[in-house]
Amino acid sequence: MSKPYVYITRKLSEHVMDTLEKHFSVEVWPYEDKPVDRETLLEKSKKADALLTMLTDQVDQELFDQAENLKVVANLAVGYDNIDLQYAKSRNVTITNTPDVLTDTTADLTFGLLLATARRMKEALQVIPNNEWTTWSPYMLAGADVHHKTIGIVGMGQIGEAVAKRASGFDMKILYHNRSRKKEAEEKMGATYVSFEELLQEADYVVCMTPLTEETKDLFNKEAFQKMKSSAIFINTSRGGVVDEQALEQALVNGEIEACGLDVFKNEPIDQSHPLIKLDQVTAFPHIGSSSVETREKMMELAADNITHVLNGKDPLTPVN
Ligand code: GLV
Ligand code: GLV
């Protein structure tokens with residue numbers, strides 16, 4: 001019997017690929033910094049028993065219809081909005097993600113982005129290289145305090161809770177909104193459950209941690225930004241699709257909110273021509289939430305282990321469907 005065929009849509013660490021190659025016939029898109037083109041992905045999917053995919057790959061009906069042998073898609077991300085879950089289910093394909101291993105790393109980046117935005121670090125980083133530091137001055141790059149302020153976390157999953165833990169270390173008051181109450185977060189971190197509307201009105205820092213679904217698409221729209229304090233700082237490290245970017249731009253330009261920090265955008269990648277990037281109040285990162293060497297390797301290992309389990313007839317470690 002020939003070995004099951006695994007297609008990996010990006011070059012990964014050698015040892016992860018070596019592990020898979022011991023058991024399976026493995027093929028890899030040879031680039032680390034260039035996504036697989038659609039044609040190649042569809043072609044390879046035709047004979048694949050397993051796919052190891054990135055969040056940049058659309059795993060949709062068209063792909064599933066061609067992939068007759070496909071048993072598992074292991075997405076190298078905690079989010080899986082790039083995959084048609086319903087359709088995967090109807091085709092009996094297991095979908096897995098990489099939760100847990102990236103929780104603290106993503107929370108660190110989220111809190112770092114919050115601090116960077118509050119304390120205007122983007123502007124501060126430009127002063128010395130631009131030879132603009134002439135003297136110390138009382139209001140030079142004066143930003144907003146983080147400690148003792150109110151943080152409002154929208155989406156209290158594992159990463160939301162890890163952000164709350166960091167916020168409690170900064171003596172912040174913690175509000176959250178979630179589909180269900182999280183009693184443990186309330187007890188451990190003193191977080192208070194509030195309605196979405198109340199959170200928008202009360203929080204100094206509105207932090208979006210909710211996954212992108214039909215219900216959360218454009219959740220942060222014109223009305224949402226208008227409900228926020230004019231001093232509010234908005235942070236998003238989840239998915240760009242949760243935000244109406246035009247409404248966000250207007251809210252910043254009109255002074256309806258103070259600033260924002262974004263690690264994610266609706267149509268990634270973006271460049272300097274994106275309207276939000278032109279604004280001083282916007283601190284932008286290129287989707288690096290879980291990007292520490294240690295965590296990215298753990299994510300790769302988990303994705304590979306999910307494939308190994310499913311192809312060996314065992315239960316997947318971290319299924320989403
Ligand atoms: C990254 O955005 C992820 O979903 O892991
Ligand atoms: C600032 O550096 C201060 O000494 O207040």
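Remember, it's 1-based here, ligands and their atoms both numbered in the order they're listed.
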Practice item. Could I get the full list of salt bridge (Lys or Arg N to Asp or Glu O under 4.0 Å) partners for Lys46, not counting sequence neighbours? Key: Glu43
Check your understanding: Name the residues in contact with ligand 1, where contact means a heavy atom under 4.0 Å away: which are they?
Key -> Leu55, Ala77, Val78, Gly79, Leu102, Arg239, His287
Please tabulate, one pair per line, all N/O donor-acceptor pairs under 3.5 Å involving side-chain atoms of residues 139-152, not counting sequence neighbours.
residue	atom	partner	partner atom	Å
Asp145	OD1	His147	NE2	3.4
Lys149	NZ	Asp145	O	3.1

**Study point:** Within-4.5 Å side-chain heavy-atom neighbours: Gln250 and Phe225
**Key:** no
Exercise for review: Just say parallel, tilted or perpendicular for the rings of Tyr5 and Tyr7, cut-offs at 30° and 60°.
Suggested key: parallel
Practice item. Fit a plane to each ring of Phe220 and Phe196, take the angle between them on a 0 to 90° scale, and name the class: parallel (under 30°), tilted (30 to 60°) or perpendicular (over 60°). Key: perpendicular
I'd like a table of donor-acceptor pairs (distance under 3.5 Å, sequence neighbours excluded) in which one partner is a side-chain atom from residues 227-234, with atom names and distances.
residue	atom	partner	partner atom	Å
Lys229	NZ	Glu202	O	3.2
Lys229	NZ	Asp204	OD1	2.9

